[in-house]
2 protein chains.
Amino acid sequence: MKGSSITIVDIAKKLNISKSTVSRALTNNPNVNPETRQKVLALADQLAYQPNMLSIGLRTNKTKTIGIVVPELISSFYPTVMAGAQEAAAQRGFSVLTASCNENYATEVANSKVMLANCVDGVLVSITKETINYDHWMTFYRRGIPIVFFDRVCGEMMVPKVVVSDYESSFNAVAHLVASGRKRIAHLTGPAQMLIMQKRLNGYRAALNKHGLTYDESLVIDTDLNVTNVKMQVKYLLEQKQPVDAIFAVNDAIAMEAVQVLKKMNKRVPEDIAVVGFGDHYGSGFADPALTTIAVPNREMGKTAMSLLLSLMDKEPASWKPITRILDGELVVRQSTIKPEPMVSYVSSYPGVFQMNSLHNREFSDDKKLKAI
Amino acid sequence: MKGSSITIVDIAKKLNISKSTVSRALTNNPNVNPETRQKVLALADQLAYQPNMLSIGLRTNKTKTIGIVVPELISSFYPTVMAGAQEAAAQRGFSVLTASCNENYATEVANSKVMLANCVDGVLVSITKETINYDHWMTFYRRGIPIVFFDRVCGEMMVPKVVVSDYESSFNAVAHLVASGRKRIAHLTGPAQMLIMQKRLNGYRAALNKHGLTYDESLVIDTDLNVTNVKMQVKYLLEQKQPVDAIFAVNDAIAMEAVQVLKKMNKRVPEDIAVVGFGDHYGSGFADPALTTIAVPNREMGKTAMSLLLSLMDKEPASWKPITRILDGELVVRQSTIKPEPMVSYVSSYPGVFQMNSLHNREFSDDKKLKAI
DNA sequence: CTGTTAGCGCCTTCAT
DNA sequence: ATGAAGGCGCTAACAG
């Protein structure tokens, strides 16, 4: 005895008018008598009429839903981006269909098909660490379904993207280590095919270069973004004939793990070895020692990406420009690189309260400048 | 020139057979010639046919999507639950439509309508801190759309729920504080109308009672789940004629904030004041001091809730039983309550690696036992 | 085993 | 300003 939902026909019958008029009244069509509209609206409200998005989607080819595909849901990064994106979508009446890939390429492909099958009006995508083929996303492009990559973007596709200033941020992080007197700076990186890793690695290299330190290949180690590898890798770094005095990790999870390992090995952080992360994940701020890292405006990233995506939908696919929006990361210096000062002012480390200052975006009209990095 | 997608009609035309046969072949209908099926499947594959979920949904009244409505996306808790739920859904071919409410009742109501409009086959819900009216969720119940609450459940509705052992876990947390010699134990709680807060408060009271400590109303303070209130509230607690020597916070975010405030006020944790949280959020493990807390199997909770929900859909609404699944929380003793021991074994504090042991579920056939608590 | 038909709920010409 | 009719892509009777 499931109380089925109210339809336009129901309203039409009760009011003894045609369903097309009801439809018009409900869709702000100007060609309808104000009185009629009032009656329809009143009844619709009273009956708690909910338009059936399925049939609307089927009819209009617009579902008012946006797909969001993320590589994982373990770190706080993607959920926060999603929250920002969702908020921006809701403001314009869009719903959000989400899917996580568990860093698995096959799952990503499957998820892309789900998005297609559900006729999303657009997709926000951040790829898995395994992804090197983009055919499944090209399909969207070909069909005129707008797609915006964020954070872990795809280098090959000329579509809009939202990223953090990976290169500059890395550069700043490493420059900070150099400024604090470090000479042997290791880099725990991720899969080499990922653009994001390349940019961060390049930033690392450039900073070393700029400050007269030689780039040593043996100090750059691929963690495959897997924390379980870190223990062994940190040990390896310490066993070098010229042991490292600093570690720049490609994200906070890796950095935190490195700190744990170092502490376990009775190394002092930052006195013996400084550690810098990337991302300012939840928890990094009140770790022991608090982690120096790059704060990324993740919620902002979600909003920006969604706004960009929604703005595309108003225009012709032909006019879509592969804009890359770059959000500035900000170096947050904490105790994992600098010994605590005597006086530290009180700052809430809870993300809901944390204030990010001076986050301005820049914009490039195409990918070339980015690739030049 | 958007390359529109392939439909059943397209396949039927190319194969010169009827669309119903194509449909049958695609839906594993037994009444179809194996050869025909092969041809259809082959062509569908070649053409990268994607069934249109909108029309299927419209026709069958089943969309294969589950709505998940969460109160917030700031802490790591809900994203992790969602990840678990999504995984369980994907295994059975279900997609997930998500919506966050930013702890706002009106948004929750709006989100419930979105779910209705999108014809989800069921919903997983955790309510906001403001929610005291459940009419919008009753609608689902009335329409025969299965609904399962998790974590922040609704006491009034007789529907399936998945929760942690709030009462017992609180009891254990407070008992642990007592065992470590604390006499004046404060409780930072949340909005009193929330069932989850009531249960945790009851657990706190019971533990005090059991160990001969008197319940002092002035030591129970409502934070409204807002970390910005904590500073003032902790100060208040310290200014009591008989100052507190321990704080049991209703979640980790509040607890972490309390620790920060205490440190700022030059109180030693745990020597002067012990702090216990609830939830074992990401980051609590490597905080300074590492936070003693209740580890909740959040990913497991998502999986359990989704499995429960999907299992309902196979049965008649009339036979749905308001089962409440209780997942055990586990007290994780860390440095915020006990001074660090000389030897600490190495444990990865990264959630992807963290091993949760002995998490067994219990099950009640109705809500009464729970309410009795 | 296959084809025909009808219709899910809605929007959108085309009439009036 | 309103009504009638057609169809989005698909499935589920009903015939054969």
Side-chain angles (χ1 to χ4, degrees), chain A residues 2-41 43-44 47-65 93 113 116-121 143, chain B residues 2-41 43-44 47-65 93 113 116-121 143:
Chain A
K2 49 172 64 181
S4 57
S5 55
I6 302 298
T7 72
I8 284 188
V9 179
D10 296 330
I11 296 178
K13 274 185 189 159
K14 297 221 183 199
L15 255 33
N16 210 22
I17 57 178
S18 76
K19 47 182 178 168
S20 27
T21 301
V22 176
S23 174
R24 278 188 274 257
L26 256 18
T27 52
N28 295 325
N29 185 317
N31 296 328
V32 56
N33 188 315
E35 284 183 34
T36 316
R37 161 162 291 133
Q38 279 315 310
K39 275 193 284 187
V40 171
L41 259 34
L43 188 58
L47 264 36
Y49 166 75
Q50 285 294 132
N52 184 323
M53 297 308 286
L54 297 179
S55 59
I56 292 180
L58 189 60
R59 186 62 240 266
T60 64
N61 244 334
K62 304 217 160 301
T63 53
K64 293 287 233 172
T65 70
K113 288 183 180 162
L116 236 32
N118 282 90
C119 305
V120 294
D121 290 341
R143 293 216 189 148
Chain B
K2 49 172 64 183
S4 57
S5 54
I6 302 298
T7 72
I8 284 188
V9 179
D10 297 329
I11 296 178
K13 274 185 189 157
K14 295 220 184 197
L15 255 33
N16 210 23
I17 56 178
S18 77
K19 48 182 180 169
S20 31
T21 301
V22 175
S23 174
R24 279 188 272 258
L26 256 20
T27 51
N28 295 322
N29 186 317
N31 297 327
V32 56
N33 188 315
E35 283 184 34
T36 316
R37 161 164 291 132
Q38 278 315 309
K39 275 193 285 188
V40 170
L41 259 33
L43 188 58
L47 263 36
Y49 165 75
Q50 284 294 133
N52 184 323
M53 296 309 285
L54 297 179
S55 56
I56 291 180
L58 189 58
R59 189 60 242 263
T60 63
N61 244 334
K62 305 218 159 299
T63 53
K64 294 286 234 174
T65 71
K113 288 184 180 160
L116 236 32
N118 282 90
C119 305
V120 294
D121 290 340
R143 292 215 189 149

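All figures in this text were calculated on a predicted structure; none of them were measured in a lab. Side chains are part of it too, since the values below use all heavy atoms of this structure and drop only hydrogens, waters and symmetry mates. Letters go in sequence order (proteins before strands), and every chain restarts at 1.
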>> From CD1 of Ile17(A) over to P of dA4(D), roughly how many Å is that when rounded to an integer?
In response: 12 Å

>> Could you tell me how far apart Asn61(B) (CG) and dC10(D) (P) are, to the nearest whole angstrom?
In response: 17 Å

> About how many Å separate OG of Ser23(B) and CD1 of Ile11(B), when rounded to the nearest 0.5 Å?
Replying inline: 10.5 Å

> Heavy atoms, side chains only, cut-off 4.5 Å: are Val22(B) and Val9(B) in contact?
Replying inline: no

> Whole-Å distance between dG3(D) C1' and Lys13(A) NZ?
Replying inline: 16 Å

> Using a cut-off of less than 4.0 Å, is there contact between a side-chain N or O of Tyr49(B) and OP1 or OP2 of dC10(D)?
Replying inline: yes

>> Among dT2(C), dC10(C), dT2(D), which nucleotide has an atom closest to any side-chain atom of Val32(A)?
In response: dT2(D)

> Counting distance only, does the side-chain N/O of Arg37(B) pair as donor-acceptor with the main-chain N or O of Asn29(B) below 3.5 Å?
Replying inline: yes

>> Please report the distance, rounded to the nearest Å, between CG in Leu15(B) and P in dT2(C).
In response: 11 Å

Heteroatom pairs (N/O) under 3.5 angstrom, protein to nucleotides 5-8 of chain C:
| from | atom 1 | to | atom 2 | distance (Å) |
| --- | --- | --- | --- | --- |
| dG7(C) | N2 | Arg59(B) | NE | 3.4 |
| dG7(C) | N2 | Arg59(B) | NH1 | 3.2 |

>> Tell me which residues in residues 21-28 of chain B lie within less than 4.0 Å of DNA chain D, going by non-hydrogen atoms.
In response: Ser23(B), Arg24(B), Thr27(B)

>> How many whole angstroms separate atom CG of Asn16(B) from atom P of dG3(C)?
In response: 9 Å

>> Applying side-chain hydrogen bond (donor to acceptor under 3.5 Å, both in side chains), can you list everything that pairs with Ser18(A), at least two apart in sequence or on another chain?
In response: Ser20(A), Thr21(A)

> Rounded to the nearest Å, what distance is computed from the NZ atom of residue Lys39(B) to the P atom of nucleotide dT2(C)?
Replying inline: 9 Å

> Looking at NZ of Lys13(B) and CD1 of Ile8(B), how far apart are the two atoms once the value is rounded to the nearest 0.5 Å?
Replying inline: 13.5 Å

>> Thr7(A): which residues meet the side-chain hydrogen bond (donor to acceptor under 3.5 Å, both in side chains) condition with it, sequence neighbours left out?
In response: Asp10(A)

> Counting any heavy atom closer than 4.0 Å, what does Leu54(B) reach on the DNA or RNA strands: base, sugar-phosphate only, or nothing?
Replying inline: nothing

> Rounded to the Å, how far apart are Asp10(B) CG and dC8(D) P?
Replying inline: 11 Å

> Can you find a pair of side-chain heavy atoms, one from Leu26(A) and one from Leu41(A), that are under 4.5 Å apart?
Replying inline: yes

>> From C-beta outward on Ile8(A), which listed nucleotide comes closest to its side chain: dC10(D), dC10(C), dT2(C)?
In response: dC10(C)

> For Asn31(A), which contact category applies under a 4.0 Å heavy-atom criterion: base, sugar-phosphate, or nothing?
Replying inline: base

For residues 47-56 of chain B, tabulate all N or O donor-acceptor pairs below 3.5 Å that involve a side-chain atom, not counting sequence neighbours.
| from | atom 1 | to | atom 2 | distance (Å) |
| --- | --- | --- | --- | --- |
| Gln50(B) | NE2 | Lys113(A) | O | 3.3 |
| Asn52(B) | OD1 | Leu54(B) | N | 2.7 |
| Asn52(B) | OD1 | Ser55(B) | N | 3.2 |
| Ser55(B) | OG | Asn52(B) | O | 3.0 |

>> Without decimals, in angstroms, what is the distance between Asn29(B) CG and dC1(C) P?
In response: 10 Å

> Can you name the residues that form a side-chain hydrogen bond (donor to acceptor under 3.5 Å, both in side chains) with Thr65(B), not counting sequence neighbours?
Replying inline: Thr63(B)

